[in-house]
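What follows is a single structure, written as structure tokens, with notes after it.
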Amino acid sequence: MSDCIFCKIAAGEIPAKTVYEDEEIVAFPDIQPQRPVHILVVPRRHIVSLAEAGPDDQGVLGRMLGVAGRIAAEQGSPDGFRVIINTGPIGGQEVMHLHMHIVGGPEPVGPMLKRN
Ligand code: 5GP
Ligand code: ZN
């Protein structure tokens, strides 16, 4: 998609400090990190969200999960991490190109959800 920020990063049209890439996915640091380690993993192909993903996307989704441990360890979170895929308006998704957050660092990331 021509006006999609993550499509542009995946295509190299906007520079990003890529920490992993292969023919299907690209990973780079979040511009506003919420933890010492905060990496985004995106498919090169424009998929709007996990809600829109289908059988044809199972390969790339598996690939995203399959490299998470390696990326986390290489980026400074070898003892564990959290992956998050915010999905749609209920899930708090802001960028409408499917992406997986990897968050971690030397300290535990804390409770999954904070209730008010
Ligand atoms: P969401 O709420 O959609 O799951 O998260 C989108 C994430 O993308 C946010 O954490 C935000 O900081 C990050 N982000 C938005 N624009 C850019 C950008 O241009 N470059 C990078 N590296 N991250 C971005
Ligand atoms: Zn896109």
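When a ligand or atom number is given, it counts from 1 through the structure's own listing order. Position 1 is the first residue of the sequence, and the numbers go up from there.
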Please identify which atoms of ligand 1 are closer than 4.0 Å to at least one heavy atom of H101. 1 (P), 4 (O), 5 (O), 7 (C), 10 (O)
Under 4.0 Å between a side-chain nitrogen and a carboxylate oxygen: does that hold for K8 and D3? no
Under 4.0 Å from a heavy atom of Q93: give me the atoms of ligand 1 that qualify, with their elements. 3 (O)
Side chain proximity check, Q93 to H99, heavy atoms < 4.5 angstrom: yes
Considering only protein heavy atoms, which is closest to atom 15 (C) of ligand 1, and at what distance to one decimal place? V95 CG2, 4.0 Å
Looking only at heavy atoms, is any part of I31 under 4.0 Å from ligand 1, and if so is it the side chain, the backbone, or both, or is it neither? both
Identify, for atom 3 (O) of ligand 1, the protein heavy atom at the shortest distance, and state residue, atom and that distance. E94 N, 2.6 Å
Can you sort out which atoms of ligand 1 are near G92, meaning under 4.0 Å from one of its heavy atoms? 2 (O)
Numbered atoms and elements of ligand 1 in range of F28, under 4.0 angstrom, heavy atoms: 22 (N)
For ligand 1, find out whether one of its N or O atoms is nearer than 3.5 Å to an N or O atom of D30. yes
For ligand 1, the portion of Q34 having any non-hydrogen atom under 4.0 Å away: neither
Restricting H97 to its N/O/S atoms, the closest one to the Zn ion (ligand 2) is ND1
Of all the atoms in ligand 1, which lie at a distance below 4.0 Å from a heavy atom belonging to H99? 1 (P), 3 (O), 4 (O), 5 (O), 6 (C)
Atoms in ligand 1 flagged as close to N86, the criterion being non-hydrogen separation under 4.0 Å: 1 (P), 2 (O), 4 (O)
Between the main-chain N or O of G105 and the side-chain N or O of S77, is there a donor-acceptor pair closer than 3.5 Å? yes
Quick one: which ligand 1 atoms are inside 4.0 Å of a heavy atom on Q32? 12 (O)
Are F28 and V42 close enough that some pair of their side-chain heavy atoms sits under 4.5 Å apart? yes
Between T18 and E21, does any side-chain donor sit less than 3.5 Å from a side-chain acceptor? no
Cationic N near anionic O, under 4.0 Å, E24 to R63: yes
Residue portion contacting ligand 1 (non-hydrogen atoms closer than 4.0 Å) for L40: side chain
Looking only at N, O or S atoms, which one in H46 sits nearest to the Zn ion (ligand 2)? ND1
Backbone N or O of I25 within a donor-acceptor pair of the R45 side chain at under 3.5 Å? no
Interatomic spacing from CD1 in I39 to CD1 in I71 - rounded to 0.5 Å: 7.5 Å
May I ask you to decide if I85's main-chain N or O and T87's side chain share a donor-acceptor pair within less than 3.5 Å? yes
Are more than 12 heavy atoms from other residues, nucleotides or ligands located less than 6.0 Å from atom CD of E107? no
Partner of H101 by side chain to side chain donor-acceptor pair (under 3.5 Å), out of R35, R82, H38: H38
Which bit of P29 is near ligand 1, meaning a heavy atom under 4.0 Å away: side chain, backbone, both or neither? backbone
Interfacing atoms of ligand 1 (cut-off 4.0 Å, heavy-atom, I5): 19 (O)
